[in-house]
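As structure tokens, the structure follows; a few thoughts come after it.
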Amino acid sequence: IGTLAPGQEAAVALRAEITTVAAARSLTITAAGDTFGAEASVSQSGPDPIAENNSLRYEITIVRAADFIVDSYDDDGDAAPGDGRCRTVAEVCTLRAAVQEANALAGTQSIALAYGVYLLNPPPTGPTTTVEPQPEDQAFTGDLDILDDVMIFGLSADNSIIHGNGEDRVFELHPGASLWLEDLMLTGGRPLFFGEGGALYSHGNEATLVRTSIMGNASPGGGGGILHTAGSLLLEASTVMGNTAAGAGGGIHNAAAMELRNVTLSGNRAQTGGALAGSQGVARLENVTITDNAASDAGGGISSPGDNVVAVNTIFQNNDAPIGPTCSNAFRSAGYNLIDELADCSVLGETGTNIVGAGVDL
């Protein structure tokens, strides 16, 4: 090629070889999240004056099987929602485009994410006009509106992160829709204006969060991490940590049917109900740890009129508030709870198996 004159053309046969970098061992892919190295190289029959630019080493990550595989960290919308293809005008599949496409199609659609931070509403990086989040419900800007049945799979809560960038909440689950989140972290959410629910506002049919961290979100109203007002919500093997609310429920504000299994609520802050405010409905806590939360008014751990929170095999420890460090008003016990302090808090139901006035190393 180096002998060609300017403007002259020639056809050159290339051979491409792709080999795994397995260093004398067999390669076995066992699960989503596994990675392996690979190398691609090209060669020609004659000598190459710049041999070092003919190969590329790279790493491949196995993601969950899904209808849409997100292959870009950008935040552009889908070019044609409903055509069955997750594609922006730049011909990539973003998380926002995948959600818009899933909303437009009938039935349940699944979305897979890889390692990395999926930043919503990013600042402009060049001479482009910033699209400011607006109070709309089609996932065009701001939060990711869920309008149909959608499942989103990450690789782990530490490695697949959806970041609201402080511009809006992360998800809003609308009436008639269902949302399944697995192996993800939701962070950096803050609803527009005086909205509630920093990471998730759930008022749809059903929300399920498995091995998902709700961390570092904020609300100018209630529900620093989650606001749940309709349908059912299950939070399992998950963490709600470091969220803040100006109103009720630093971690969660619940007003419907909710169940927490094997969940930790820690380091959340609010005016009432540092970890959890149960104003309506029933929140059932099973194998839950509520520790190091605080309220500026009442209910450092939980705030509940009484039967709105039911706890079994749950730890309440090191929570703080001027009134009711553990809880304000009351909650119902289903037995086997460990409670370090019960000032300003009544426990209803099964109390004989509870341990009060003791702590545990966490």
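Put simply, the side chain of N243 gets close to the backbone of I214: a donor and an acceptor are under 3.5 Å apart. Remark: the backbone N or O of E350 is paired with a side-chain donor or acceptor of S333 at under 3.5 angstrom. Side-chain atoms of T239 do not come within 3.5 Å of backbone N or O of T264 as any donor-acceptor pair. No donor-acceptor pair under 3.5 Å is formed between the side chain of S213 and the backbone N or O of M215. Remark: the backbone N or O of T141 is paired with a side-chain donor or acceptor of E136 at under 3.5 angstrom. Here the side chain of E101 pairs a donor or acceptor atom with the backbone of G82 at under 3.5 angstrom. For the pair N313 (side chain) and N287 (backbone), a donor-acceptor distance under 3.5 Å is absent. Listed for the N217 side chain is no donor-acceptor partner under 3.5 Å among the backbone atoms of G225. Not a single donor-acceptor pair under 3.5 Å links the side chain of D143 to the backbone N or O of R169. Between the side chain of N293 and the backbone N or O of T291, at least one donor-acceptor pair lies under 3.5 Å.
Minimum interatomic distance between V356 and L342 (heavy atoms only, all atoms of both residues): CG1-CD1, 3.8 Å. Looking at every heavy atom in both residues, A245 comes nearest to G223 through CB-N, 4.0 Å. The two residues G197 and S219 come nearest to each other via the heavy atoms N-OG, 3.8 Å. The two atoms that bring A270 and A248 nearest to each other are CB-C, 4.4 Å, heavy atoms only. Among all heavy-atom pairs drawn from G242 and N268, the shortest one is N-OD1, 3.3 Å. Residues A321 and G300 come closest through the heavy atom pair CB-N, 3.4 Å.
The closest side-chain heavy-atom distance from R332 to V309 is not below 4.5 Å. Using a 4.5 Å heavy-atom threshold, the side chains of L260 and E236 count as separate. Side-chain contact between D344 and C327: absent, with no pair of heavy atoms (C-beta onward) separated by less than 4.5 Å. A heavy-atom distance below 4.5 Å is found between the side chains of L234 and R261. At least one side-chain heavy atom of I162 sits less than 4.5 Å from a side-chain heavy atom of L113. Using a 4.5 Å cut-off on side-chain heavy atoms (C-beta onward), E206 and T208 make contact. Side-chain contact between I69 and V63: present, with at least one pair of heavy atoms (C-beta onward) separated by less than 4.5 Å. You'll find the side chain of N337 stays beyond 4.5 Å of the side chain of V347, heavy atoms only.
When only modelled atom types and interatomic distance are considered, H228 and S202 share a side-chain donor-acceptor pair under 3.5 Å. No hydrogens or angles considered: nothing links the side chains of T94 and T88 as a donor-acceptor pair under 3.5 Å. A side-chain donor from one of D67 and S110 sits under 3.5 Å from a side-chain acceptor of the other.
V99 and F68 fall within the same hydrophobic cluster, where Ile, Leu, Val, Met, Phe, Trp and Tyr residues are linked whenever their side-chain heavy atoms come under 4.5 Å apart, directly or through other members. The same ILVMFWY cluster, assembled from side-chain heavy atoms under 4.5 Å apart, contains both L235 and V170. With hydrophobic clusters built from ILVMFWY side chains whose heavy atoms lie under 4.5 angstrom apart, L181 shares a cluster with I111. When the side chains of ILVMFWY residues are joined at heavy-atom separations under 4.5 Å, either directly or via intervening members, L338 and V312 end up in two distinct hydrophobic clusters. Both L184 and I146 belong to a common hydrophobic cluster when Ile, Leu, Val, Met, Phe, Trp and Tyr are linked at side-chain heavy-atom distances under 4.5 angstrom.
Partners of Y115 according to the ring pair (Phe, Tyr, Trp, His ring centres under 6.0 Å) rule, which considers only residues two or more places apart in sequence or in another chain, do not exist here.
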Worked verdict on L348 versus F331 for side chain to side chain contact (heavy atoms under 4.5 Å, CB included): CA-CA 6 Å; L348 312 174; F331 71 92; over 6 Å; no

Stepwise side-chain hydrogen bond (donor to acceptor under 3.5 Å, both in side chains) check, S156 with N159: CA-CA 5 Å; S156 75; N159 292 295; 2.8 Å; yes

Test salt bridge (charged side-chain N to carboxylate O under 4.0 Å, His left out) applied to R87 and D71, step by step: CA-CA 10 Å; R87 278 292 177 264; D71 58 19; 3.8 Å; yes

Check against ring-ring contact (aromatic ring centres under 6.0 Å, His included), Y73 and Y118: CA-CA 5 Å; Y73 298 107; Y118 297 84; 4.9 Å; yes

Side chain to side chain contact (heavy atoms under 4.5 Å, CB included) evaluation trace for Q100 with F140: CA-CA 8 Å; Q100 290 178 323; F140 293 134; 3.1 Å; yes

Candidate pair I355 and Y336, rule side chain to side chain contact (heavy atoms under 4.5 Å, CB included), full reasoning: CA-CA 7 Å; I355 299 175; Y336 303 98; over 6 Å; no

Side chain to side chain contact (heavy atoms under 4.5 Å, CB included) assessment of R85 paired with E91: CA-CA 10 Å; R85 300 175 67 246; E91 286 295 315; 3.6 Å; yes

Verdict with supporting geometry, S304 and N329, side-chain hydrogen bond (donor to acceptor under 3.5 Å, both in side chains): CA-CA 6 Å; S304 165; N329 297 320; over 6 Å; no

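Between the CG atom in L173 and the OG atom in S178 there is a gap of 6.5 Å [rounded to 0.5 Å]. Separation of atoms NE2 (H174) and OH (Y201) is listed at 9.0 Å; rounding is to 0.5 Å. Remark: L200 CG to L227 CG distance equals 8.5 Å, nearest 0.5 Å. Rounded to the nearest 0.5 Å, atoms CD1 (I161) and CG (L186) are 10.5 Å apart. The distance from the CG atom of L155 to the CD atom of E182 is 11.0 Å, given to the nearest 0.5 Å. Annotation: the span from T229 atom OG1 to H203 atom NE2 amounts to 6.0 Å, rounded to 0.5 Å.
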Would you be so kind as to tabulate the donor-acceptor pairs closer than 3.5 Å made by side chains of residues 271-285, with sequence neighbours excluded?
residue, atom, partner, partner atom, Å
S279, OG, H253, NE2, 3.0
S279, OG, N254, O, 3.4

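Comment: D145 does not engage R96 in a salt bridge, judged by the lack of any side-chain N to carboxylate O separation of less than 4.0 angstrom.
Paired with I290 under the rule side chain to side chain contact (heavy atoms under 4.5 Å, CB included), one option of V240, N319, T326, I339 passes, and it is N319.
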